[in-house]
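In the text below, chain A, chain B and the rest are named by the order of the sequence lines, each starting its count at 1. Computation of the quantities below employed the complete heavy-atom set of this structure, encompassing side-chain atoms and omitting hydrogens, waters and symmetry-equivalent molecules.
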Amino acid sequence: MTESAPLVYLIDDDAAVRDAITDLLASVGLNALAFAGTGDFLARWQGAPEHSAACLLLDIRMPGQSGLEFQKQLRAMKIDLPVIFITAHGDVPMSVQAMKAGAVDFLGKPFREQELLDAIWHALERNRCQRRQLAEQQQLQQRWQSLNAGEQAVALGVVRGRLNKQIAADFGVSEITVKVRRANALRKLQLRTVADLVRALERLDIR
Amino acid sequence: VTSLLKKPAQTILLVASMVAIFMLDTFSDYEIAIAVFYTLVVLAALRWHAAREVIILTIACIGLTVLSFILSLGGQYDTGLVNTIISITAIIISALLGLRMRAAQQAAHVAREELLRISRATGAGYLTASIAHEIGQPLTAIMSSGDACRRWLNQQPPQPDKAQRALQRVLTETRRASDIIERIRAMVRGEAVQPQAFDLNQAVREMLQLCAGECSRRNINLQLQLAVHLPPVWFDRVQLQQILGNLVLNAMDSIATVPEQPHPGLIRIRTQLDDGAVLLSVGDNGTGFVANAREHLFDAFWSSKQGTMGLGLTLCRQMAESHGAQLWAEAAQELHQQRGAVFYLRLPMDSTTSK
């Protein structure tokens, strides 16, 4: 999968801050989309970009909804963007709360360029990782669906630690059939060992 | 009734006294006003129980008094009637006075708590946080713009146009920061206000130029209805603009919190002559006032918004009143959807020209 330029969403109620950060990100080749408030962001939200990593720079103190509340709302809406908080009066309890809720970083305004860029790289990397895992998961799920019922049953038997002989007896088929199905299952799932199979089914939460 | 059950000892004592008084009252002659002693029951109940229970007990006492009067046999009927009425009046009065006194005590308690909270809030920490936020915004813009400017210049080939624009932002924001510091300094100094006669419409137009950009960014329609031939007003020009700026910002914030998004916002600013004064109004179609918000709008450290100090309108009203002007709020009616708020500032005219 090829990746296009990463995208940084920015929500801050101060126009000058938005312009400055957007420009700074542009100067290092990052695309930014700026919003004046959380309502504005949600109104224009059309889902995360398909082929690029993304993250969200979120001001804590804004009219209307606070950044911390918005972080919760995003989670409830299953919008999976790594969040970096920026605040002009970062106090300790607030930053603790933000980090506990899964924020990537918490930057006090004004921040150094390097702090901001480091946090953004970190967030984008986390997003890439999330996306990769999700893609792998989906691929694995597709491969699992491509197994026929007999192959799935044999694979499950193997994972449960039963011997070929026992599986054959369970389903009233020959041991050769079990071996063939077992080999087919591993081939279709593109796995090599039983240990791989155990891990794969665990990831799919099938047992 | 729950508090009657929660304090069984007290309740038994009260009921026992009521029964005793009832017996004495019933079996004594009409002339002896035993029923007056029910006031003792009411007073004791006030000590131990909530208002509802006190009222229930009071009604019970009145009922028993009447019952005794009906059952009582000996003595003069007329005197008995008068005594009964006096007793009932005494019971009602003691219950009413007792309840009112207790309500007053509770109100005093709440007020004391509020005062404590305010005196704590006025501590240095609060002010520092607010100043840090005010100054932090332009500083952030300056720092990020400076970094961007350097990067545009260091690129191969360099991008002087973009660097120039970033540099312009640095200058603008530096001025903004220094204005804020100037304002804080003036606040700390408690600088004397300088009322003067000036054209209100002109001052309004100047202020709104500053807001226009933000309004269009937020997709808010800014409507101006300025009366022609308005006499000059007598006010501190800078403070007037501060008040107007505050009202417009509040209106924008209120529009931003309307749940249905996107919401075509509207802010209408109007000037008009009003019976020997000049009326300036700022109306919006935002969320308006929730529940009891309108009563508290001008209270210090009260805000419907998160993360603000709740001082904006308090200071605005102080500024208005120090010039003999009035500032108040009403729920919007004429702007569409019948929601939102209108703030009115009634300004005195320049006395030299108004005659």
Side-chain angles (χ1 to χ4, degrees), chain A residues 8 10-30 32 34-45 57 59-70 73 86-94 107-117 120, chain B residues 125-126 128-155 159 162-163 165-166 168-170 172-173 176-177 213-214 216-219 249-250 252-263 286-287 303-308:
Chain A
V8 178
L10 164 64
I11 308 181
D12 194 302
D13 62 331
D14 193 292
V17 171
R18 285 200 300 275
D19 290 350
I21 293 179
T22 309
D23 192 35
L24 174 61
L25 296 182
S27 75
V28 296
L30 281 168
F35 305 89
T38 55
D40 189 18
F41 175 84
L42 289 179
R44 283 159 58 192
W45 174 252
L57 273 178
D59 190 14
I60 287 230
R61 176 150 144 168
M62 281 179 298
Q65 194 179 22
S66 88
L68 286 175
E69 281 171 45
F70 188 61
Q73 194 187 339
I86 45 178
T87 172
H89 59 136
D91 55 353
V92 175
M94 231 197 254
L107 305 177
K109 283 181 187 172
F111 34 75
R112 281 173 226 292
E113 168 192 62
Q114 208 50 49
E115 277 180 296
L116 177 70
L117 296 178
I120 288 179
Chain B
Y126 233 80
T128 317
S130 173
I131 293 170
H133 182 252
E134 286 286 308
I135 298 280
Q137 299 290 46
L139 281 186
T140 308
I142 290 167
M143 228 160 134
S144 298
S145 299
D147 287 329
C149 180
R150 201 188 46 197
R151 283 184 179 271
W152 290 128
L153 289 177
N154 285 341
Q155 269 183 12
Q159 309 256 4
K162 289 182 171 167
R165 243 173 286 150
Q168 186 53 49
R169 255 195 332 266
V170 170
T172 314
E173 291 304 299
R176 174 175 160 205
E214 190 59 20
S216 71
R217 247 191 298 277
R218 296 196 188 193
N219 191 23
L249 282 178
N250 282 346
M252 286 193 225
D253 289 349
S254 174
I255 289 169
T257 56
V258 170
E260 303 97 74
Q261 296 282 353
H263 172 67
T287 40
S303 178
S304 62
K305 293 179 261 180
Q306 275 230 331
T308 64

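Atom CG of A:D14 sits about 8.0 Å away from atom OG1 of B:T140, to the nearest 0.5 Å. With values rounded to the nearest 0.5 angstrom, A:L117 atom CG is found 5.5 Å from B:R151 atom CZ. Atom-to-atom distance recorded for B:L249:CG and A:D13:CG is 10.0 Å, nearest 0.5 angstrom. One finds the CG atom of A:L24 at 9.0 Å from the CZ atom of B:R169 (value rounded to the nearest 0.5 Å).
Highest contact tally toward chain A, considering only B:Q155, B:R176, B:R150, is held by B:R176 [criterion: heavy-atom pairs under 4.5 Å]. Counting heavy-atom pairs closer than 4.5 Å to chain B, the top residue among A:V17, A:L42, A:D12 is A:V17. The residue among B:C149, B:P138, B:S144 with the most heavy atom pairs within less than 4.5 Å of chain A is B:S144.
Across all non-hydrogen atoms, the minimal contact from A:A20 to B:S145 is CB-OG, 3.2 Å. Of all non-hydrogen atoms in A:K109 and B:G136, the two that sit nearest each other are CB-O, 4.2 Å.
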B:Q137 vs A:D59, test: side-chain contact (heavy atoms from CB on, under 4.5 Å). Steps then yes/no.
CA-CA 11 Å; B:Q137 299 290 46; A:D59 190 14; 4.1 Å; yes
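Contacts between A:R112 and chain B at a heavy-atom distance below 4.5 Å involve backbone atoms as well as side-chain atoms. With a 4.5 Å cut-off on non-hydrogen atoms, B:R165 does not touch chain A at all.
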